[in-house]
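In what follows, a structure is listed as structure tokens, so that the remarks can point back to it.
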Amino acid sequence: MANRYLSTSIGRKVLMALSALFLLIFLLQHFTINMLSVVSPNAFNSASHFMGTFWLIQYIFQPILIFGVVFHFVMGFVLEMQNRNAREVGYAFNKPSANSTWMSRNMMWSGLTILAFLVLHFIDFWIPEMVHKYIEVHPEDPTRYYHELVAKFENPIRVGAYAVAFVLLAMHLLHGFQSAFQSIGLRHPKYLGTIRTLGRLYALIIPAGFIFIAVFHYVRSL
């Protein structure tokens, strides 16, 4: 069934949209846990310890998440190349700026920038975590997570990089949120206004929240 979907343009868009919705749910969960570092270091440590040690999350959900990230970006690149090839003739007669937003025409570039940020994020957090648990094999300390997070945001260059990445993520989400619902057939006129409002709120609040977390810990470290 997956091969049949991947062989058609509509099928690829549906799978792309489903992977986007999956990543939106993960991003909300990730934001909620990170915001605990501002509210309560103990609560952040407890949540992070659970996420980092529960077998279902580590051995089932984590590989699914990594696959979802890779699939989303690869499929996005494939669809962008397909769309560009289809538009080559049309662009000779139509002005793309009059028919679509700048972000909708540049989703691939914002996506590549976000992918670069994810690589930085993996280097900052995920890889050290894997080394800590499975290579160096330290005794598990359920209170270490908060201090490790704060240490990463003592560097203003890293904080600036995170802020730029999340601004681009916000722009990416402003188009991608609504596009995902449209691709899976949930863009009914009755709910269009609600979807647009939720999309804008999500695209602005979540990235702004991540920027706030990074700046908050940087300011506290001064």
Side-chain angles (χ1 to χ4, degrees), residues 17-54 56-58 61-73 103 107 110-111 113-129 142 144-155 158-181 194-221:
L18 291 175
S19 68
L21 294 174
F22 170 71
L23 294 176
L24 287 173
I25 294 172
F26 163 73
L27 190 63
L28 179 60
Q29 171 264 326
H30 192 48
F31 167 73
T32 302
I33 292 177
N34 280 12
M35 185 56 74
L36 290 176
S37 69
V38 173
V39 179
S40 170
N42 289 333
F44 174 76
N45 280 329
S46 296
S48 298
H49 180 67
F50 173 77
M51 296 294 292
T53 57
F54 185 43
L56 185 64
I57 294 173
Q58 288 296 294
F61 290 158
Q62 186 168 254
I64 292 174
L65 173 63
I66 294 173
F67 172 80
V69 171
V70 173
F71 178 87
H72 185 75
F73 281 98
M103 181 48 63
M107 289 291 281
S110 63
T113 305
I114 295 165
L115 181 60
F117 161 73
L118 285 176
V119 171
L120 171 64
H121 194 62
F122 268 56
I123 293 172
D124 273 352
F125 293 100
W126 188 79
I127 293 177
E129 181 72 9
R144 66 184 171 86
Y145 302 95
Y146 178 77
H147 300 293
E148 290 175 356
L149 174 71
V150 170
K152 295 298 182 182
F153 293 128
E154 292 176 350
N155 186 334
R158 180 178 279 106
V159 172
Y162 270 63
V164 170
F166 278 111
V167 168
L168 288 170
L169 176 63
M171 299 172 69
H172 193 82
L173 290 173
L174 281 170
H175 173 74
F177 190 99
Q178 296 181 51
S179 179
F181 279 91
T194 301
I195 292 174
R196 282 178 175 171
T197 300
L198 288 175
R200 288 167 182 165
L201 289 174
Y202 188 102
L204 296 175
I205 292 175
I206 300 301
F210 275 109
I211 293 173
F212 170 76
I213 293 168
V215 173
F216 175 85
H217 289 301
Y218 172 69
V219 171
R220 289 200 64 181
S221 72

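Not measured: the values here are computed from a predicted model. Quick note: residue numbers are just sequence positions, from 1.
For the atom pair CD of Q29 and CG of L65, the computed distance is 8.5 Å after rounding to the nearest 0.5 Å. To the nearest 0.5 Å, atom CG of residue L18 and atom CZ of residue F71 are 8.5 Å apart. Going from atom CG of L169 over to atom CG of L174 covers 9.5 Å, rounded to the nearest 0.5 Å. Rounded to the nearest 0.5 angstrom, L204 CG and M171 CE are separated by 11.5 Å. Between the CG atom of L24 and the CG atom of L198 there is a distance of 11.5 Å, given to the nearest 0.5 Å. One distance of note links CG of D124 with CG of L149; it measures 10.0 Å at 0.5 Å rounding.
Shown here for H217 and V38, the closest heavy-atom pair between the two residues is NE2-CG2, 4.2 Å. When all heavy atoms of A214 and V159 are compared, the closest pair comes out as O-CG2, 4.0 Å. Here the closest heavy-atom approach between residue G68 and residue L23 is recorded as O-CD1, 4.1 Å.
Ring geometry, F50 versus F54: the interplanar angle falls under 30°, so the pair is classed parallel (tilted spans 30 to 60°). Note: F26 and H30 have parallel aromatic rings, judged against thresholds of 30 and 60 degrees for the angle between ring planes.
Checking side-chain atoms of R158 against main-chain N and O of K152 turns up a donor-acceptor pair under 3.5 Å. No donor-acceptor pair closer than 3.5 Å links the side chain of Y145 to the backbone N or O of S46. Between the side chain of Q58 and the backbone N or O of M51 there is at least one donor-acceptor pair closer than 3.5 Å. Of the possible donor and acceptor atoms, one in the side chain of S37 sits under 3.5 Å from a partner among the backbone N and O of N34.
For N42, the side chain to side chain contact (heavy atoms under 4.5 Å, CB included) partners are S40, not counting sequence neighbours.
Between L28 and Y202 the shortest side-chain heavy-atom distance falls below 4.5 Å. Considering only heavy atoms from C-beta on, Y162 comes within 4.5 Å of L120 through its side chain. Between V167 and I211 there is a side-chain heavy-atom pair separated by less than 4.5 Å.
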| query | Would L173 and R200 count as a side-chain contact (heavy atoms from CB on, under 4.5 Å) if you check the C-alpha gap in whole Å, the side-chain angles of each, and the deciding distance to 0.1 Å? | reply | CA-CA 8 Å; L173 290 173; R200 288 167 182 165; over 6 Å; no
| message | Using side-chain contact (heavy atoms from CB on, under 4.5 Å), reason through V215 and F153 one step at a time and then give a plain yes or no. | response | CA-CA 8 Å; V215 173; F153 293 128; over 6 Å; no
| Passes side-chain contact (heavy atoms from CB on, under 4.5 Å), I25 versus F22? Steps please. | CA-CA 5 Å; I25 294 172; F22 170 71; 5.7 Å; no
| field | Stepwise side-chain contact (heavy atoms from CB on, under 4.5 Å) test for I66 and F61 | value | CA-CA 9 Å; I66 294 173; F61 290 158; over 6 Å; no
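Aromatic rings of F210 and F31 (six-membered ring for Trp) have centroids within the 6.0 Å cut-off, being under it.
Classification of R220 and E154 as a salt-bridged pair fails, no side-chain N sitting under 4.0 Å from a carboxylate O.
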